[in-house]
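This report concerns only the one structure given below.
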Protein chains: 2
Amino acid sequence: MNTTTLSHEIADTLRTEILRQQYRSGERLPSERDLAARFSASRGAVREALSQLDQLGLISIQPGGVRVKPIEEASIAILGPLLSLSDTPNLLLVDQFLQTFAAMSALNAREALTVANTEQLAQMRAMVAAVHKSGTEVAASQKEWVEFMEYLAEVADNLVVRLIGNDLKAQFVNRMVKEELKITLKKKAVADVVQSLNEGLETGDRDIFSNAVLHYFDQLRAAVIETLNQRLAI
Amino acid sequence: MNTTTLSHEIADTLRTEILRQQYRSGERLPSERDLAARFSASRGAVREALSQLDQLGLISIQPGGVRVKPIEEASIAILGPLLSLSDTPNLLLVDQFLQTFAAMSALNAREALTVANTEQLAQMRAMVAAVHKSGTEVAASQKEWVEFMEYLAEVADNLVVRLIGNDLKAQFVNRMVKEELKITLKKKAVADVVQSLNEGLETGDRDIFSNAVLHYFDQLRAAVIETLNQRLAI
DNA sequence: GAATGAAAATTGGTCTGACCAGATTGGTCG
DNA sequence: CGACCAATCTGGTCAGACCAATTTTCATTC
């Protein structure tokens, strides 16, 4: 997908303006003819751009004019651009992303433990061991944690969660990579998480297993927020 | 939004064909000129339709042809149409929808209990009482449960979860309303859930509170699946 | 001044035909 | 068989035209 087409540029610009609340919900955008003049483009290119925004749930196109819809009706595909509106990421939104990843991962953990066969359980144990060995530096242990979470997703095999996770992750990582954060988790906390994961695996207790995943994300969230806060204090 | 525009009809048709795997991932769709001939439409209308599908993550448009992308890269906006592919809803997908609603609601419950003020806690107690009084027939108690879950969402105020929930709910309800299901939950199970909700509210224990929400959805899922299975057995 | 209805203007919906840039395919040659 | 080139095909975009639906303006009445 070549994102430099004119229609995409127009759509991106209008999306940013809408997310910046330059237009209120219910208000009309400039007409297609005016937008075409503004962007020195054909009406066709503008219409394609508006089709994209319509699919994002940001606008409602009807004869008489294009109207902006309430943000609550938008697709999750606007969350990455929302996070990218400012030079520094919105702390609350970052936290909400991570909370949602946590909930999705906990659901995968719960379901994976429910359906896993003997071989898959053994694989999970091996991955928890690898995660344990990888330490508390997020950058260094990222690979192992990501692999573990992705294996849970694969075993759980929930398409709804997969689509949500893929979409949110792509948007979040795309934005947060620019921050080059150095995150360190507390050694004891990670050890507790790993212990709970192992306990869940041994006892087959889905609550323990999924709560361990939640606690891992609690630690990650706290560390990310703290690091970003230190950035702001500078 | 007038969904009867030609470009939407074309997009809907192509989306269905893609979801039915008439085209494999990586394969090219017919050319815009061929599609225009097939749909007796202008190339402009076809291009608008393809812009919509591109935004859905279903296709990748580039010079040389439009290619189908792997389903895992698609937006959650394809889940409703996926559920609507057959006369009877796919049981697994229905279960996955409900699992995801459960996870989102549990997250809202957890977070709401964390941030709620005195007045909001009192409102939650009143709503749990209303839910208790409304009985075990899902159709009759739906209003109270929905209001309760929406209040949790409002208190938690997680935009990411809100957008996911709104999108999935619209698609799911739009499809399932056609089934006109009669769902009844077990009286004891509902009473247990309500008791746990109250316990969570009194003790401030977020695990108990959110697990109660999960258990409610467990019951709902089991009942929905059972009812749909009885449909299939006929 | 407010309400109503009709006419005019504006807006989206779609078409046709043209041209350009990039990708694909098929043929030829070593 | 592999490399190269030309022809063809495909998407990207444009301008101008016309029709259907909505909004705005204006005139009339109370």
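Within every chain, numbering begins at 1; the chains are lettered A, B, ... in the order of the sequence lines, protein sequences first and strands thereafter.
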Would you please name every residue forming a salt bridge (Lys or Arg N to Asp or Glu O under 4.0 Å) with B/E226, sequence neighbours left out?
none
Using whole Å, what does the distance between atom P of nucleotide D/dT23 and atom CD of A/E27 come to?
14 Å
I need the residues from residues 39-53 of chain B with at least one non-hydrogen atom less than 4.0 Å from DNA chain D; give them sorted by number, or say none.
B/R43, B/R47
If you apply the rule salt bridge (charged side-chain N to carboxylate O under 4.0 Å, His left out), what do you find for B/E150 with B/K169, and how did you get there?
CA-CA 12 Å; B/E150 288 185 350; B/K169 199 190 312 175; 3.4 Å; yes
Basic-acidic side-chain contact under 4.0 Å: A/K133, A/E144
no
Go through it in stages, so that I can follow the logic: the residues are A/T4 and A/E9, the test is side-chain hydrogen bond (donor to acceptor under 3.5 Å, both in side chains), and I'd like the CA-CA distance, side-chain angles, deciding distance and then a yes or no.
CA-CA 7 Å; A/T4 60; A/E9 288 178 17; 5.4 Å; no
Reported CD1-to-CG distance for the pair B/I76 and B/L56, which is rounded to 0.5 angstrom:
11.0 Å
d(CG, A/L35; P, D/dC14) in whole Å
13 Å
To the nearest Å, how far apart are A/E32 CD and C/dC15 P?
14 Å
SB check B/R47 B/E32 (cutoff 4.0 Å)
yes
For B/Q55 and B/L50, indicate whether the former's side chain and the latter's backbone hold a donor-acceptor pair under 3.5 Å.
no
Interatomic distance, B/L85 atom CG to B/N90 atom CG [nearest 0.5 angstrom]:
9.0 Å
5' to 3', nucleotides 22-27 of chain C under a 4.0 Å protein heavy-atom cut-off (B base, S sugar-phosphate only, - none) gives SSSS--
In whole Å, I'd like the distance from the CZ atom of B/R33 to the P atom of D/dG12.
11 Å
